[in-house]
Number of protein chains: 2
Amino acid sequence: MTSKRPTIDDVARVSGVARVTVSRVLNGGPNVRDEVRARVMQAVEQLDYKVNPQARSLAGGASRLLAFVFASDPENDPNSYYESALELGALRACLALGYQVLVQNVPDQTPDYRKRVLDLITTQRCEGLILSPPYSDDVGLIEAVLAQGCKVVTVSPGGPGRGTTDGVGVDDEAGGYDLTRELLRLGHRRFGFIAGLEGHLSADRRLKGFWRALEEQGLGERDCVVLRGDFTFRSGTHLAPQLLDHPLKPTALVCANDDMAAGVLSAAHARGLNIPGDLSITGFDDAPVAAIVWPPLTTVNQPVKVLGQRAVELLVSRLNGVNSTPEPIFQQLEHAVVSRQTTGLA
Amino acid sequence: MTSKRPTIDDVARVSGVARVTVSRVLNGGPNVRDEVRARVMQAVEQLDYKVNPQARSLAGGASRLLAFVFASDPENDPNSYYESALELGALRACLALGYQVLVQNVPDQTPDYRKRVLDLITTQRCEGLILSPPYSDDVGLIEAVLAQGCKVVTVSPGGPGRGTTDGVGVDDEAGGYDLTRELLRLGHRRFGFIAGLEGHLSADRRLKGFWRALEEQGLGERDCVVLRGDFTFRSGTHLAPQLLDHPLKPTALVCANDDMAAGVLSAAHARGLNIPGDLSITGFDDAPVAAIVWPPLTTVNQPVKVLGQRAVELLVSRLNGVNSTPEPIFQQLEHAVVSRQTTGLA
DNA sequence: CGCTTCCATGGAAGCGCTTCCAATTGCCGG
DNA sequence: CCGGCAATTGGAAGCGCTTCCATGGAAGCG
């Protein structure tokens with residue numbers, strides 16, 4: 001066992017000042033002479049003193065705890081790059097800002113999901129929440145959290161979530177549009193689209209952008225078959241046949257994320273199709289899997305890790321009062337079409 | 001803002017007992033009459049009281065905080081299923097046990113990595129650490145942590161780590177052996193092997209099992225080219241040419257994990273090779289990517305999520321004194337060869 | 001020069017909980 | 001009927017920190 005850790009009183013004694021003064025120095029408070037500040041810092045150094053975060057939050061009433069809530073069920077979707085990357089970005093930012101982040105998986109089919117989320121605030125004393133889709137558009141949930149005095153930042157809100165609280169994300173609609181333009185340029189005129197889960201509004205915006213690009217070319221609903229998947233590889237493989245065998249005979253299959261696109265690709269391989277010769281396939285996100293499959297997948301890059309990081313920064317700026325704009329802020333980051341090898345001439 | 005949260009004193013007042021008694025009930029202490037216990041629980045219910053974890057750990061001297069430390073650099077290896085799955089398993093187990101887990105990424109090339117890890121104990125007050133490779137075999141680090149009075153469980157220790165503290169893992173050596181037996185059965189006699197990073201001893205055990213299987217068939221060093229990768233997809237694609245162009249002309253490439261195998265597969269596709277007709281490829285871990293690539297990868301399954309969960313359970317059982325066996329415990333879980341479609345007759 | 005004002009510091013209280021120890025009760029054998 | 005012991009409860013102290021308020025001195029002002 002270790003000898004006991006030094007406390008703030010030890011520092012105070014060694015540096016010959018009162019406990020409050022040490023506290024002031026530690027928290028960057030004003031009204032401390034430079035000489036005293038230096039003396040305290042030296043004592044801190046000498047004793048290898050670290051504040052006790054538990055004591056600090058008990059006394060100060062601030063836990064410096066954030067929570068990252070995600071919905072995807074890892075049993076069903078074991079590979080969710082999106083969530084891991086968000087988390088990682090959040091973790092990084094927290095480290096820099098002196099906050100901690102609790103990661104919480106709350107499958108959204110859970111009947112008491114709202115209670116589960118609110119428990120993070122009551123039980124763990126979280127001061128801020130990062131909500132990823134589909135929670136980022138669950139206005140009821142967001143308002144319930146806000147009502148508890150807990151700040152919220154949403155990741156990729158698709159609509160209603162945006163007006164309610166701060167958020168970060170890319171322009172999904174523009175992403176879908178840009179990607180589709182590229183497909184149209186390659187001569188494709190008949191499409192299949194695998195959309196995401198109901199309620200994931202940001203994913204639906206991708207579809208909206210897709211339609212807009214089609215309409216600009218005078219194309220419409222009769223030129224595309226739309227199906228809904230659940231973002232998993234498996235749903236891609238399951239849904240592909242319906243698209244491939246459809247009388248419309250699509251020449252390009254557009255998927256709302258990369259995992260489903262990888263599933264479609266796999267199903268296409270199983271049929272002996274030549275990609276992109278016989279069929280073009282696109283994803284969304286630019287997850288690692290996009291570069292791993294063969295041939296590498298054309299997709300839309302979004303900086304997911306940065307999204308997680310920005311979410312934390314936004315949250316913390318609200319918490320420490322640096323930012324107190326009354327209206328919600330939405331930080332939009334850049335997306336980019338990444339043309340790889342699953343797309344070719346129609 | 002919320003009205004203030006109820007405290008233990010509120011519960012005491014409502015249930016008409018002293019604060020200590022409430023504390024006893026909350027912590028499942030002995031010597032409380034059933035009638036009183038029920039009364040307290042009812043008050044807790046009625047007030048929707050939740051203990052304040054910060055206050056509890058300050059008073060009780062136990063933070064109920066664990067940390068999960070992993071080394072892989074996510075910039076370089078953006079897809080590490082292994083770490084995410086361990087984390088998820090740990091998270092799940094913690095939720096059930098009332099502990100919290102801090103996730104910490106400490107790249108092992110960091111010069112002050114040891115300090116970074118020890119800081120988790122001093123700064124965050126963690127009571128237990130989960131160390132994944134290669135830290136699981138860093139005896140110096142483990143002992144330094146132990147010396148601070150912090151418990152340690154290692155994940156997949158490959159050798160030295162095992163005798164030092166508790167651990168969980170599969171029998172990597174047997175996994176490598178079983179997989180290789182399968183390859184030999186298919187008639188392969190000339191091999192390429194992409195090993196993992198230096199210092200990842202559990203990954204090296206896979207190679208050891210591989211050799212053992214070869215020796216049983218009277219094969220040896222001259223029948224296999226061995227290279228070292230870094231577990232990433234990219235290192236698989238980079239290393240593949242050296243193996244494919246080697247005068248030995250290997251008919252099967254064995255990789256220490258799935259990502260590298262996926263890289264090799266991709267490189268093989270780029271050359272127009274027919275898999276498994278021209279070449280067999282195997283991975284290790286049975287990560288999601290193994291099922292996603294085309295053709296799906298033959299590999300060895302290890303229950304990574306369960307590993308993470310067991311690690312936490314082991315740690316907690318040490319912390320609360322349920323388990324106080326003096327010698328280190330190693331929990332070995334089952335592995336299984338998963339034959340998919342990247343392996344065929346030589 | 002007496003007054004206010006500002007700066008730098010310290011004293012005391014208390015955050016919500018657990019732990020240590022003392023007090024009370026009921027019940028035993030002798 | 002009494003000392004003793006276990007079961008049950010409560011009082012008080014204190015974990016390590018921040019916050020509120022008081023203090024003393026230096027500086028500013030007419």
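For the pair A:Asp112 and A:Arg114, the salt-bridge criterion is not met [side-chain N within less than 4.0 Å of a carboxylate O].
B:Leu88 contributes atom CG, which lies 10.5 Å from atom CZ of B:Phe68 (distance to the nearest 0.5 angstrom). Expressed to the nearest 0.5 Å, how far CD of A:Gln124 lies from CG of B:Asn52 amounts to 10.5 Å. Note that the SG atom of A:Cys94 and the CZ atom of A:Arg64 stand 11.5 Å from one another [nearest 0.5 Å].
If you run side chain to side chain contact (heavy atoms under 4.5 Å, CB included) between B:Leu129 and each of B:Leu66, B:Val117, B:Ile142, only B:Val117 comes through. For the pairing with B:Arg318, the side chain to side chain contact (heavy atoms under 4.5 Å, CB included) check across B:Val152, B:Thr165, B:Thr325 returns one residue only, B:Thr325.
Heavy-atom nearest nucleotides on DNA chain D were determined for B:Val17 and for B:Leu58, and the one closer to the 5' end corresponds to B:Val17. When each of A:Arg39 and A:Arg19 is assigned the nucleotide of DNA chain C bearing its nearest heavy atom, the one mapping closer to the 5' terminus is A:Arg39.
Taking the screw axis at each terminus of the helix from C:dC1-D:dG30 to C:dG30-D:dC1 from five consecutive base pairs, the angle between the two is 40° to within rounding of 10 degrees.
B:Gly60 comes within 4.0 angstrom of the backbone, heavy atoms only, and of no base.
On the nucleic acid side, DNA chain C contacts chain A at distances under 4.0 Å to non-hydrogen atoms, with the end points of that region at C:dA8 to C:dG16.
Taking each heavy atom of A:Ile8 and A:Tyr49 in turn, the nearest pair found is N-CE1, 3.4 Å. Among all heavy-atom pairs drawn from A:Ser80 and A:Ser84, the shortest one is O-OG, 3.0 Å.
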Next on the checklist: Applying side chain to side chain contact (heavy atoms under 4.5 Å, CB included) to A:Val103 and A:Phe70, what does each step give before you reach the verdict?
Outcome noted: CA-CA 8 Å; A:Val103 179; A:Phe70 67 101; 3.7 Å; yes
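A:Gln309 and A:Arg92 share no side-chain donor-acceptor pair at under 3.5 Å.
Sorted by residue number, the members of residues 22-34 of chain B with any non-hydrogen atom under 4.0 Å from DNA chain C read B:Ser23, B:Asn27.
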